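Encoded as structure tokens, the structure appears first; notes follow it.
Just so you know, ligand 1 is whichever comes first in the structure, and atom 1 is the first atom listed for that ligand. Just so we're clear, the structure is a prediction, and the values are computed from it rather than from any experiment. Quick note: residue numbers are just sequence positions, from 1.
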Amino acid sequence: MSRSINLAVIPGDGIGQEVVAQGLKILSAVLPQDVKLETEEYDFGARRYHATGETLTDADLEQLKQHDAILLGAIGDPSVPSGVLERGFLLKLRFAFDHHVNLRPSKLLPGVETPLAGQPEIDFVVVREGTEGPYTGNGGTIRTGTPHAVATEVSLNTAFGIERVVRDAYARAQARPRKKLALVHKNNVLVHAGHLWTDIFNKVGEEFPEVTTEYMHVDAATIYLVTQPERFDVIVTDNLFGDIITDLAAAISGGIGVAASGNINPSGAYPSMFEPVHGSAPDIAGQGKADPSATVLSVALLLRHLGYETEAARIEDAVSADLAERVGKPARTTDEIGDALAVRVAG
Ligand SMILES: NC(=O)C1=CN([C@@H]2O[C@H](COP(=O)(O)OP(=O)(O)OC[C@H]3O[C@@H](n4cnc5c(N)ncnc54)[C@H](O)[C@@H]3O)[C@@H](O)[C@H]2O)C=CC1
Ligand SMILES: CC(C)CC(=O)C(=O)O
Ligand SMILES: [Mg+2]
């Protein structure tokens with residue numbers, strides 16, 4: 001039976017261009033010959049914005065909807081006011097395609113350096129809610145430009161939105177050997193949102209008696225992520241906390257250059273989108289310094305999502321072997337790392 005993948009590719013800005021090229025290289029190298037790969041590249045990001053003033057139109061969404069999945073590099077550029085692309089493209093797309101499960105695995109692979117003392121076992125997944133919280137744009141500013149300016153950014157939390165992501169996190173914990181789930185929030189202060197999350201977390205937990213649960217305030221979670229990262233198996237949290245703790249999670253488990261993510265629409269009603277956790281890194285863009293591993297591992301998540309488990313595992317093994325071999329060697333360029341990974345996955 002012939003199979004096919006129809007992929008939307010959005011390199012975006014800065015290092016997004018460089019790392020996506022490597023992701024595609026590895027994707028082509030790993031797929032069996034009977035899988036037909038079709039890709040369509042989109043120019044979203046600063047280029048499109050400067051040329052047309054657009055970030056993401058309804059017509060764009062219609063076109064993107066036709067694909068099986070989306071591979072994104074990163075968006076955001078110093079030439080565009082902060083927030084225009086982040087809200088007008090990235091969040092708009094995540095919300096439009098109902099990417100409510102933002103999946104961010106962290107695993108410290110053998111031989112990979114961590115800034116933490118010793119070599120702790122790090123193998124956890126953050127399930128970050130992707131469509132609500134303080135990221136919905138529910139706010140405003142009054143008396144702008146005066147000493148009495150007031151800005152609000154209201155966190156939106158619906159029982160529907162919380163329950164579906166919490167249930168997803170329980171199911172993931174149930175399927176993992178340790179069967180542990182931590183809710184991370186701040187319910188001692190954010191009592192409205194926090195208690196809704198906690199109540200739903202406890203109620204849904206009754207359906208998963210095998211899963212061991214704990215609750216942790218987000219500030220304490222940042223301590224334990226550094227001092228006891230082995231404590232975590234699955235973490236479920238809201239959009240903002242999840243954004244912050246997954247950069248920390250990346251830093252302790254090999255660095256931001258190896259942190260992958262998936263913006264999942266579990267129902268399949270819309271294509272899911274896979275992207276590195278990092279941004280467009282203008283500080284190193286165009287210098288061949290970006291590590292493409294995060295994007296390559298995001299390609300593995302994409303393949304697993306589409307049912308290509310063997311190929312996903314091959315990519316993960318290749319990245320793991322590549323990282324283990326780096327120790328004590330001179331740094332390679334983005335392209336050189338991509339070439340080495342392509343050889344590994346093909347062989
Ligand atoms: N999903 C997305 O498209 C995201 C976009 N952004 C946007 O990206 C722009 C830059 O944001 P920053 O806060 O600087 O975060 P960033 O993640 O782009 O960079 C933070 C630091 O990590 C380094 N870094 C990032 N990726 C790397 C890689 N693959 N290899 C080696 N080093 C890497 C950078 O050089 C920088 O020192 C902003 O416009 C921001 O809004 C930020 C995060 C996610
Ligand atoms: C730019 C933000 C909207 C995205 C971000 O930092 C993230 O999803 O990790
Ligand atoms: Mg982030």
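The shortest N or O to N or O distance between G73 and ligand 1 is not under 3.5 Å. Backbone and side-chain nitrogen or oxygen atoms of I284 are examined, and none is located within less than 3.5 angstrom of a nitrogen or oxygen of ligand 1. Distances between N or O atoms of R94 and those of ligand 2 include at least one value under 3.5 Å. Any N or O atom pair closer than 3.5 Å counts here, and K289 shares no such pair with ligand 1.
Taking CG of L183 as the start and CZ of F241 as the end, the distance is 10.0 Å to the nearest 0.5 Å. I5 contributes atom CD1, which lies 8.5 Å from atom CD of E311 (distance to the nearest 0.5 angstrom). Note that the OG atom of S272 and the CD1 atom of I264 stand 4.5 Å from one another [nearest 0.5 Å].
The option with the heavy atom closest to atom 23 (C) of ligand 1, from among I256, I10, L85, is I256. For atom 8 (O) of ligand 1, the choice among S280, A290, G76 with the nearest heavy atom turns out to be S280. Distances from atom 1 (N) of ligand 1 to the heavy atoms of M273, E275, R94 show the closest one on E275. Which of I337, V277, D243, L90 comes nearest to atom 2 (C) of ligand 1 through a heavy atom is settled by distance: it is L90.
Nearest protein heavy-atom neighbour of atom 5 (C) of ligand 1: I75 O, 3.0 Å. Nearest protein heavy-atom neighbour of atom 1 (C) of ligand 2: E86 CG, 3.6 Å. With hydrogens left out, the protein atom closest to atom 18 (O) of ligand 1 is A281 N, 2.8 Å, a heavy atom. Among protein heavy atoms, atom 5 (C) of ligand 2 sits closest to D243 OD2, 3.5 Å. Given atom 27 (C) of ligand 1, the protein heavy atom at minimum distance is I15 CD1, 3.8 Å. Among protein heavy atoms, atom 16 (P) of ligand 1 sits closest to G279 N, 3.5 Å.
Contacts between L72 and ligand 1, counted as non-hydrogen atom pairs separated by less than 4.0 Å, are absent for every part of the residue. At a heavy-atom cutoff of 4.0 Å, ligand 2 is contacted by the side chain of R104 but not by its backbone. Neither the backbone nor the side chain of H278 comes within 4.0 Å of ligand 2, counting heavy atoms alone. Using a 4.0 Å cut-off between heavy atoms, D291 contacts ligand 1 through both its backbone and its side chain. Counting heavy atoms under 4.0 Å from ligand 1, residue E86 touches it through the side chain alone. Contacts of D283 with ligand 1, taken as heavy-atom pairs under 4.0 Å, involve the side chain alone. Contacts with ligand 1 closer than 4.0 Å are made by side-chain heavy atoms of P282 only, the backbone lying farther away.
Inspection of the T212 and E214 side chains reveals no N or O donor paired with an N or O acceptor under 3.5 Å. In summary, the side chains of E40 and Q63 do present a donor paired with an acceptor at a separation below 3.5 Å, with no hydrogens or angles considered. T52 and R47 are not linked by any side-chain donor-acceptor pair at a separation below 3.5 angstrom, with hydrogens and angles left out of the test. A side-chain donor from one of D335 and Q22 sits under 3.5 Å from a side-chain acceptor of the other. Remark: the E132 side chain and the N239 side chain contain no N/O donor-acceptor pair separated by less than 3.5 Å. Defined by atom type and a distance below 3.5 Å, a donor-acceptor pair is present between the side-chain atoms of D243 and Y135. In summary, the side chains of D77 and Y49 do not present any donor paired with an acceptor at a separation below 3.5 Å, with no hydrogens or angles considered.
Using the six-membered ring where Trp is involved, H185 and W197 have ring planes that are tilted, between 30° and 60° apart. Using bins of under 30°, 30° to 60° and over 60° for the plane-to-plane angle, the ring pair Y42/F44 lands in the parallel bin.
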Exercise. May I have the step-by-step check of ring pair (Phe, Tyr, Trp, His ring centres under 6.0 Å) for F201 and Y170, ending in yes or no?
Key: CA-CA 9 Å; F201 182 75; Y170 268 105; 5.3 Å; yes

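Distance check on atom 34 (C) of ligand 1: some protein heavy atom falls below the 4.0 Å cut-off. When distances from atom 20 (C) of ligand 1 to the protein are checked, no heavy atom turns up under 4.0 Å. The presence of a protein heavy atom under 4.0 Å from atom 11 (O) of ligand 1 is ruled out. Shown here, atom 41 (O) of ligand 1 is in close reach of the protein: a heavy atom of it lies under 4.0 Å off.
Counting heavy atoms of neighbouring residues, nucleotides and ligands inside a 6.0 Å radius, atom CG of D58 does not exceed 12 of them. Remark: Q119 CD is packed, more than 12 non-hydrogen atoms of other residues, nucleotides or ligands lying under 6.0 Å away. Environment of CD in E207: crowded, with over 12 heavy atoms of neighbouring residues, nucleotides or ligands closer than 6.0 Å.
The atoms of ligand 2 that sit less than 4.0 Å from any heavy atom of L90 are 3 (C), 4 (C). The contact set between ligand 1 and A74, taken as ligand atoms under 4.0 Å from a residue heavy atom, comprises 3 (O). Of all the atoms in ligand 2, the ones that sit under 4.0 Å from a non-hydrogen atom of R128 are 7 (C), 8 (O), 9 (O).
Using modelled atom types, no side-chain atom of N102 and backbone atom of N263 make a donor-acceptor pair closer than 3.5 Å.
Shortest distance from the Mg ion (ligand 3) to D243 is reached at OD1 (N/O/S atoms only).
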